[in-house]
Amino acid sequence: MQNFEFYNPTRIIFGENTIPKLAEQIPADARVLILFGGASAERNGTLPAVREALDGRFTREFGGIEANPTFETLMKAVELIRNEKLDFLLAVGGGSVIDGTKFVAAAVDFEGDPWSILTTHGANVKAAMPLGTVLTLPATGSEMNSFSVITRHATREKLAFGSPHVFPRFSVLDPTRTYSLPVRQIANGVVDSFVHIMEQYLTYPADGLAQDRFAEGLLLSLIEIGPKVVAEPENYTLRANFMWIATLALNGIIGVGMPQDWSTHSIGHELTARYDIDHARTLAIVLPSMLRVRKDAKRGKLLQYAARVWNLHEGTEDERIEAAIVQTEKFFESLDIPTRLSAYDIGEDGIDPLVAQLDAHGMTALGEQAEITLDISRRVLQLSL
C-alpha cells in the first residue's frame, strides 16, 4: 500500500426532513447565493424548503446550470457574486450543480484567466468561497469531495480540476428529495457510482485489504439494489442506501494508498464533449472495452473482481475475466444503459476526432501506470463500436 494523507472536512447531514438544518450551518450574517439547475428543484419542493430554512437571510438565486455545467454560464454567476458582494454559496441539485458551484467558488477571487483553473487541473487555486450543498441526485460524490468537471461550450472541452479549497463545508442528504427524479437519471447515477469505484479498485494488487473489501462491498451493494432503486422510486430504504453508497464511492476513502486509473473517465469526457452523451452512459460504453484491452495489465485485479464480486470460479483465467466483463455489461444494460457506441449512431468515422481531442488535451499517457497511449485509446474506442 502506498503512503497517503487523507483529509475530508465535509459534514454530512443525512436523512429525511434535514433541510431545515441549513440554518445551523450557514452563518446568520452570510450573503448567500443559491445555485441550482432547472425547474425540477422548484417543482419537487426542494427550493421552497431551502428558502424556508433560510427565511430572513440575505439570499440571491442563480438557476440554469446545465447537466454538463458550462464555463460560460458559471462566469455569469461569478459576475453576480462580485456585483452583489455575496460571500457564501449553496448548491441545490446533483453533481453538475455542485461541480459548477465549486468552480464558481474558486473563480470569484481568482487572479488571471479563470479557465486556467481547468487547464492546470486546479494547481493554481489558492483560495475559494465557502460552499455547502443540498444533494438531490446521487451519482458523482461531489457532495463530499474536492473535484469538479466543467465544459467550455465554445471549444467543446470538458476538463476536471481538484483543490482542497473547494470541499463543501457541509452537505444535506435527504433521500426523499430523489423520489421525483426521472428513471434515466437514477440509472445514470447507479452506473456513475459503479464506475467511480472501479476506477479506484480495478488496477493492480496493492495490498490494500480494507480498501479492496470496502470497494467490493459497495459494488455488490449496487448490483443488489441498482435495478430496485430504478423500479421503486419511493422506497426510502433503497434510496437512502443508494445515496450513501454514491457518496462513499468518491469521497476519497476507498482510494487512499491505492493506484487509481481514471482512463475510462478521460475518454468518456471526450464523448460527452463531442456528442453530448450523458456522462454515466459514456462510462458504460468505455469501461468494458477498456477492461478487455487492458486485460493483461489488470489480470490480478480482474480475477479478484470475477471471484469476489461475480462469484466466478470455474474455467480458465481468460474465461473468468471475460465472464466478469460480460456480467458488468449485463448489469449496465439491465438499467437500460447501452454499452456500445453504435447505440448513439457513432461509427468508425467518429473515432479519429475523439482521439484528436484526447491528444489536444494531453491525454496521451492514461491509466494507473500511464501506459495508455493514443493508440490504446483508439483500440478501446474501436472495440466499443
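A side-chain donor-acceptor contact under 3.5 Å links Gln382 and Glu348. No hydrogens or angles considered: a donor-acceptor pair under 3.5 Å links the side chains of Thr73 and Thr70. A donor-acceptor pair shorter than 3.5 Å cannot be found between the side chains of Ser146 and Tyr7. For the residue pair Thr203/Gln260, the side-chain donor-acceptor check at 3.5 Å is not satisfied. No side-chain donor-acceptor contact under 3.5 Å links Lys228 and Asn241. Inspection of the Arg169 and Gln25 side chains reveals no N or O donor paired with an N or O acceptor under 3.5 Å. A side-chain donor-acceptor contact under 3.5 Å links His361 and Glu270. Judged purely by distance below 3.5 Å, without hydrogens or angles, the side chains of Ser263 and Asp261 pair a donor atom with an acceptor atom. In the model, Asn124 has a side-chain atom that pairs as donor or acceptor with a side-chain atom of Ser116 under 3.5 Å. Using modelled atom types, one finds a donor on one side chain and an acceptor on the other under 3.5 Å when comparing Arg239 with Thr178. Residues Thr373 and Asp375 bring no donor and acceptor atom of their side chains to less than 3.5 Å of each other. Between the side chains of Glu333 and Thr339, at least one donor N or O lies within less than 3.5 Å of an accepting N or O. Side-chain atoms of Gln304 and Glu216 form a donor-acceptor pair, as typed in the model, at a separation below 3.5 Å.
The salt bridge (charged side-chain N to carboxylate O under 4.0 Å, His left out) check on Arg340 picks up Glu329, with sequence neighbours excluded. A search for side chain to side chain contact (heavy atoms under 4.5 Å, CB included) contacts involving Pro114 returns Phe71, Met75, Phe103, Ala107, not counting sequence neighbours. Qualifying side chain to side chain contact (heavy atoms under 4.5 Å, CB included) partners for Thr176, counting only residues two or more places apart in sequence or in other chains: Glu16, Asp174, Tyr179, Tyr236. Residues passing the side chain to side chain contact (heavy atoms under 4.5 Å, CB included) test with Ser40, sequence neighbours excluded: Arg43. Judged as a side chain to side chain contact (heavy atoms under 4.5 Å, CB included), and not counting sequence neighbours, Glu52 has no contacts.
Between His265 and Glu199, some side-chain heavy-atom pair lies under the 4.5 Å cut-off. Phe6 is listed as a side-chain neighbour of Ile253, based on a closest heavy-atom distance under 4.5 Å. Within the 4.5 Å cutoff, the side chain of Val286 has heavy atoms near those of the Val380 side chain. Lys102 is listed as a side-chain neighbour of Ser142, based on a closest heavy-atom distance under 4.5 Å. Using a 4.5 Å heavy-atom cutoff, the side chains of Thr59 and Leu33 are not in contact. Inter-residue side-chain proximity for Ser171 and Ile13 is flagged as unmet; no heavy-atom pair is nearer than 4.5 Å. At least one side-chain heavy atom of Ile277 sits less than 4.5 Å from a side-chain heavy atom of Ile346. Arg294 places a side-chain heavy atom less than 4.5 Å from the side chain of Ile372.
With values rounded to the nearest 0.5 angstrom, Arg379 atom CZ is found 13.0 Å from Leu374 atom CG. One finds the CD1 atom of Ile150 at 9.5 Å from the CG atom of Asn68 (value rounded to the nearest 0.5 Å).
Crowding of Asp336 atom CG: a count of heavy atoms from other residues, nucleotides or ligands under 6.0 Å not exceeding 12. Taking a 6.0 Å sphere around CZ of Arg82, one finds it holds more than 12 heavy atoms contributed by other residues, nucleotides or ligands. Remark: Phe147 CZ is loosely packed, at most 12 non-hydrogen atoms of other residues, nucleotides or ligands lying under 6.0 Å away. For Asn83, the CG atom is densely surrounded, since the number of other residues' heavy atoms within 6.0 Å is greater than 12. Counting non-hydrogen atoms of neighbouring residues, nucleotides and ligands closer than 6.0 angstrom, the CG atom of Asp318 exceeds 12 such neighbours. Residue Glu314 places its CD atom among 12 or fewer non-hydrogen atoms of other residues, nucleotides or ligands, all under 6.0 Å distant.
Shortest non-hydrogen contact noted between Val149 and Pro69 is O-CG, 3.6 Å. Minimum interatomic distance between Met129 and Val108 (heavy atoms only, all atoms of both residues): SD-CG2, 3.6 Å. The two residues Ile197 and Ala249 make their nearest non-hydrogen contact at CG1-CB, 3.6 Å. The two residues Thr136 and Gly94 make their nearest non-hydrogen contact at OG1-N, 3.5 Å. For Val104 against Ala77, the heavy-atom pair with the smallest separation is CG2-CB, 4.1 Å. Taking all atoms of both residues into account, the shortest heavy-atom contact from Leu80 to Leu86 is O-CD1, 4.5 Å.
Of the candidates Thr133, Thr101, Thr46, Val92 forms a side-chain contact (heavy atoms from CB on, under 4.5 Å) with just one, namely Thr46. Of the residues listed (Leu135, Leu173, Asn251), the one engaging Ile12 in a side-chain contact (heavy atoms from CB on, under 4.5 Å) is Leu173, and it is the only one.
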### Query
Glu143 and Thr247: side chain to side chain donor-acceptor pair (under 3.5 Å), yes or no, with the steps?
CA-CA 7 Å; Glu143 66 277 4; Thr247 299; 2.4 Å; yes
### Message
Before you tell me yes or no, could you show the steps for Glu84 and Arg60 under salt bridge (Lys or Arg N to Asp or Glu O under 4.0 Å), namely the whole-Å CA-CA distance, both residues' side-chain angles and the distance that decides it to 0.1 Å?
### Response
CA-CA 9 Å; Glu84 296 274 354; Arg60 294 289 184 266; 3.6 Å; yes
#### Entry: From CA spacing to verdict: salt bridge (Lys or Arg N to Asp or Glu O under 4.0 Å), Lys126, Glu111
CA-CA 10 Å; Lys126 306 302 180 186; Glu111 295 182 5; over 6 Å; no
#### Entry: Verdict with supporting geometry, Glu317 and Lys295, salt bridge (Lys or Arg N to Asp or Glu O under 4.0 Å)
CA-CA 10 Å; Glu317 288 188 353; Lys295 177 178 67 176; over 6 Å; no
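Phe214 and Met198 fall within a single hydrophobic cluster, where Ile, Leu, Val, Met, Phe, Trp and Tyr are joined by side-chain heavy atoms under 4.5 Å apart, directly or via other members. Hydrophobic clustering of Ile, Leu, Val, Met, Phe, Trp and Tyr side chains at less than 4.5 Å, counting indirect connections, unites Ile351 with Met363. Ile98 and Phe36 are assigned to two separate hydrophobic clusters, defined by single-linkage of ILVMFWY side chains at heavy-atom distances under 4.5 Å. By the rule that hydrophobic residues join a cluster once side-chain heavy atoms approach within less than 4.5 Å of another member, Leu181 and Ile337 end up as members of one cluster. Cluster membership check: Leu218 does not share its hydrophobic cluster with Met258, using side-chain heavy-atom separations under 4.5 Å among Ile, Leu, Val, Met, Phe, Trp and Tyr.
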Could you list the donor-acceptor pairs under 3.5 angstrom formed between side-chain atoms of residues 186-195 and any protein atom two or more places apart in sequence or on another chain?
{"residue": "Asn188", "atom": "OD1", "partner": "Arg281", "partner atom": "NE", "Å": "2.9"}
{"residue": "Asn188", "atom": "ND2", "partner": "Asp278", "partner atom": "OD2", "Å": "3.0"}
{"residue": "Asp192", "atom": "OD1", "partner": "His196", "partner atom": "NE2", "Å": "3.0"}
{"residue": "Asp192", "atom": "OD1", "partner": "His279", "partner atom": "NE2", "Å": "3.4"}
{"residue": "Ser193", "atom": "OG", "partner": "Ala139", "partner atom": "O", "Å": "3.4"}
{"residue": "Ser193", "atom": "OG", "partner": "Gly189", "partner atom": "O", "Å": "2.8"}

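Between Asp29 and Arg57 no salt bridge is recorded (no basic side-chain N to carboxylate O distance below 4.0 Å).
Because its NZ or CZ atom is not both nearer than 6.0 Å to the ring centre of Tyr204 and within 45° of the ring axis, Lys298 does not count as a cation-pi partner of that residue.
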